[in-house]
2 protein chains.
Amino acid sequence: MSSLLSKSSIYALRASLYMATLPPDEYVPVHDIAEKLGISFHFLAKILQALTHRGILKSFRGPHGGVALARPADDVSLNELIEAVDGQQRFEGCLMGLPGCGVEKPCPLHEQWEKTQASISAIFTCSTLGEQARRIKELDLRLH
Amino acid sequence: MSSLLSKSSIYALRASLYMATLPPDEYVPVHDIAEKLGISFHFLAKILQALTHRGILKSFRGPHGGVALARPADDVSLNELIEAVDGQQRFEGCLMGLPGCGVEKPCPLHEQWEKTQASISAIFTCSTLGEQARRIKELDLRLH
DNA sequence: TATTATTCCGATAACGGAGTCCGAAATCCG
DNA sequence: CGGATTTCGGACTCCGTTATCGGAATAATA
């Protein structure tokens with residue numbers, strides 16, 4: 001039942017992708033994003049707060065305020081978003097939780113697992129918001 | 001913080017690996033296994049119940065009773081254990097939770113994610129208890 | 001009778017998800 | 001200029017689910 005990414009990370013991705021499809025430096029109220037994506041405003045607000053904290057988003061209070069990408073979408077990797085929300089140590093460590101498993105005494109699955117970890121990591125580190133946003137526009141995918 | 005496998009699955013793997021290192025058809029009390037692995041007896045009992053239910057283990061009540069592998073260790077894939085404990089639908093579906101993502105309208109990460117899913121799956125389906133148990137003996141790895 | 005699995009009925013804690021409330025900043029309008 | 005409005009910021013609480021663990025009664029076997 002559990003997904004690879006938490007709902008928080010998924011919401012962060014979707015919201016950021018939504019902003020990446022808009023003209024840069026356009027502030028969008030969090031409330032609007034929540035409505036577009038069909039998710040809880042309060043929950044999203046908390047997630048986006050974490051992103052602004054990390055300098056991924058910038059925010060602006062008052063009328064016509066909101067949040068916007070702090071940097072060009074092509075400079076933001078998906079991994080950056082996920083780390084900001086869920087922390088960095090997702091899926092590290094021995095697959096079977098063996099205590100001594102490491103480089104010198106690897107568990108039987110160690111090598112295969114390391115390769116797979118790397119390929120999971122690559123999915124998120126090698127892809128930028130801008131790239132994904134463009135493909136979403138091309139394919140006319142909806143975020144909600 | 002969350003691992004790829006649940007603790008239940010990990011305990012099922014460790015307990016089964018432990019049994020696979022013993023002579024076949026030797027019944028071991030669940031209490032002994034729990035002690036060896038340093039985990040909760042009750043928790044382990046519930047997990048091993050699921051495995052006996054699936055026909056992976058056989059059990060025997062009364063003095064000198066316990067649980068044992070129902071089949072040769074080389075005939076039991078790791079995947080079978082994990083499915084019995086956690087269910088089969090771990091990590092399926094769109095990585096970003098996009099609603100329309102599928103074969104006809106794949107999300108940008110769809111293809112990469114499918115490959116990674118396959119390699120995760122391969123780790124567990126292509127490996128048997130017997131194979132792992134032998135390597136654990138060779139390398140003198142402890143399960144606790 | 002002693003031993004051991006099986007079963008049921010929980011308790012507890014952790015976590016993810018969602019909501020409330022108030023404060024602070026920026027803007028708008030009278 | 002000053003209050004009202006809009007919006008983010010942050011702390012706190014709450015709820016439902018799942019993970020983890022425990023107790024006690026039951027059944028089967030030696």
Side-chain angles (χ1 to χ4, degrees), chain A residues 1-16 19 25-70 82 84-87 89-91 97, chain B residues 1-15 19 26-70 82 85-87 89-90 97:
Chain A
M1 277 289 289
S2 82
S3 169
L4 185 74
L5 297 179
S6 71
K7 226 163 199 174
S8 296
S9 279
I10 289 174
Y11 287 169
L13 280 175
R14 296 235 293 260
S16 301
M19 286 184 269
D25 295 320
E26 177 173 329
Y27 285 95
V28 193
V30 177
H31 192 275
D32 286 8
I33 304 178
E35 204 171 300
K36 291 272 187 205
L37 301 184
I39 61 187
S40 154
F41 161 71
H42 297 288
F43 190 38
L44 183 61
K46 192 190 296 185
I47 296 167
L48 297 191
Q49 269 173 32
L51 296 184
T52 58
H53 229 224
R54 295 288 193 107
I56 298 171
L57 300 182
K58 55 187 175 182
S59 64
F60 199 80
R61 290 195 270 209
H64 308 113
V67 293
L69 292 175
I82 294 163
V85 174
D86 275 344
Q89 56 258 39
R90 277 187 81 80
F91 312 119
Chain B
M1 276 291 289
S2 84
S3 171
L4 185 73
L5 297 179
S6 73
K7 227 160 198 174
S8 296
S9 280
I10 290 174
Y11 288 168
L13 279 175
R14 296 234 292 258
M19 286 183 269
E26 176 173 330
Y27 285 95
V28 192
V30 177
H31 192 276
D32 286 8
I33 304 178
E35 204 171 300
K36 291 271 188 208
L37 302 184
I39 62 186
S40 154
F41 160 71
H42 282 100
F43 191 37
L44 182 61
K46 192 185 294 186
I47 296 167
L48 297 190
Q49 271 172 29
L51 296 184
T52 58
H53 234 220
R54 296 288 194 108
I56 298 171
L57 301 181
K58 55 187 174 182
S59 64
F60 199 80
R61 288 199 268 210
H64 308 112
V67 293
L69 293 176
I82 295 164
V85 174
D86 275 344
Q89 56 258 39
R90 279 187 80 80

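Here is the naming used below: chain letters follow the sequence lines, and residue numbers restart at 1 for every chain. Atoms considered below: every heavy atom in the structure, side chains included; atoms not considered: hydrogens, waters and symmetry mates.
Phosphate proximity of C:dA5 to B:Thr52: absent, as no side-chain N or O sits under 4.0 Å from OP1 or OP2. Residue A:Ser8 has no polar side-chain atom (N or O) positioned under 4.0 Å from OP1 or OP2 of C:dG16. The side chain of B:Ser6 contributes no N or O atom lying less than 4.0 Å from OP1 or OP2 of D:dT18. In terms of phosphate contacts, B:His31 brings no side-chain nitrogen or oxygen within less than 4.0 Å of OP1 or OP2 of C:dT3.
The side chain of B:Ser59 has C:dT6 as its nearest neighbour among C:dA18, C:dA24, C:dT6. The nucleotide whose nearest atom lies closest to any side-chain atom of A:Tyr11 is, among C:dC28, C:dA5, C:dA18, C:dA18. Candidate nucleotides C:dT6, D:dT5, D:dG22 were compared by shortest atom distance to the side chain of B:Arg61, and C:dT6 ranks first. Across D:dC8, D:dC21, C:dC28, the shortest atom-to-atom separation from the side chain of A:His64 is found for C:dC28. Minimum atom distance to the side chain of B:Gln49 is reached by C:dT7, of the listed C:dT4, D:dC8, C:dT7.
No more than 12 heavy-atom neighbours from other residues, nucleotides or ligands sit within 6.0 angstrom of NZ on B:Lys36.
Between B:Gly62 and B:His53, it is B:Gly62 whose nearest contact on DNA chain C lies nearer the 5' terminus. Across the interface with DNA chain D, nearest-nucleotide mapping of A:Gly66 and A:Lys46 shows A:Gly66 to be the residue nearer the 5′ end. Comparing A:Phe43 and B:Lys58 by the nucleotide of DNA chain C that holds the closest heavy atom to each, the one mapping nearer the 5' end is B:Lys58.
Ring pair A:Phe41/A:His31 is tilted by interplanar angle, where 30° to 60° counts as tilted. Between A:Tyr27 and A:Phe60, the ring planes lie tilted relative to each other; the angle falls in the 30° to 60° range.
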Tell me, with the steps shown, if B:Val85 and B:Leu5 meet side-chain contact (heavy atoms from CB on, under 4.5 Å).
CA-CA 10 Å; B:Val85 174; B:Leu5 297 179; over 6 Å; no
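Between the NZ atom of A:Lys7 and the P atom of D:dC15 there is a distance of 19 Å, rounded to whole Å. Distance CG (B:Leu5) to P (D:dA19): 12 Å, rounded to an integer number of Å. The CZ-P distance, from B:Phe41 to D:dT20, rounds to 17 Å in whole Å. When the C1' atom of D:dT20 is taken as reference, atom CD1 of B:Ile10 falls 14 Å away, rounded to whole Å. Going from atom CG of B:Leu44 over to atom P of C:dT4 covers 16 Å, rounded to whole Å. Remark: C1' of C:dT6 and CG of B:Leu48 are 12 Å apart, rounded to the nearest angstrom. Atom CD1 of B:Ile47 is separated from atom C1' of D:dA19 by 10 Å (rounded to the nearest Å). The interatomic distance linking B:Leu37 (CG) with D:dC21 (P) rounds to 12 Å, in whole Å.
Here A:Val85 lies out of heavy-atom contact (under 4.0 Å) with every strand. Within 4.0 Å (heavy atoms only), B:Tyr27 reaches no atom of the nucleic acid at all.
Summarising the geometry, atom CD1 belonging to A:Ile39 is positioned 6.5 Å from atom CZ belonging to A:Arg14; distances are rounded to the nearest 0.5 Å.
The base of C:dG17 is not paired with the side chain of A:His42 by any donor and acceptor separated by under 3.5 Å.
With hydrogens and angles ignored, the 3.5 Å screen pairs no side-chain donor or acceptor of A:Ser9 with any backbone N or O of A:Ser6.
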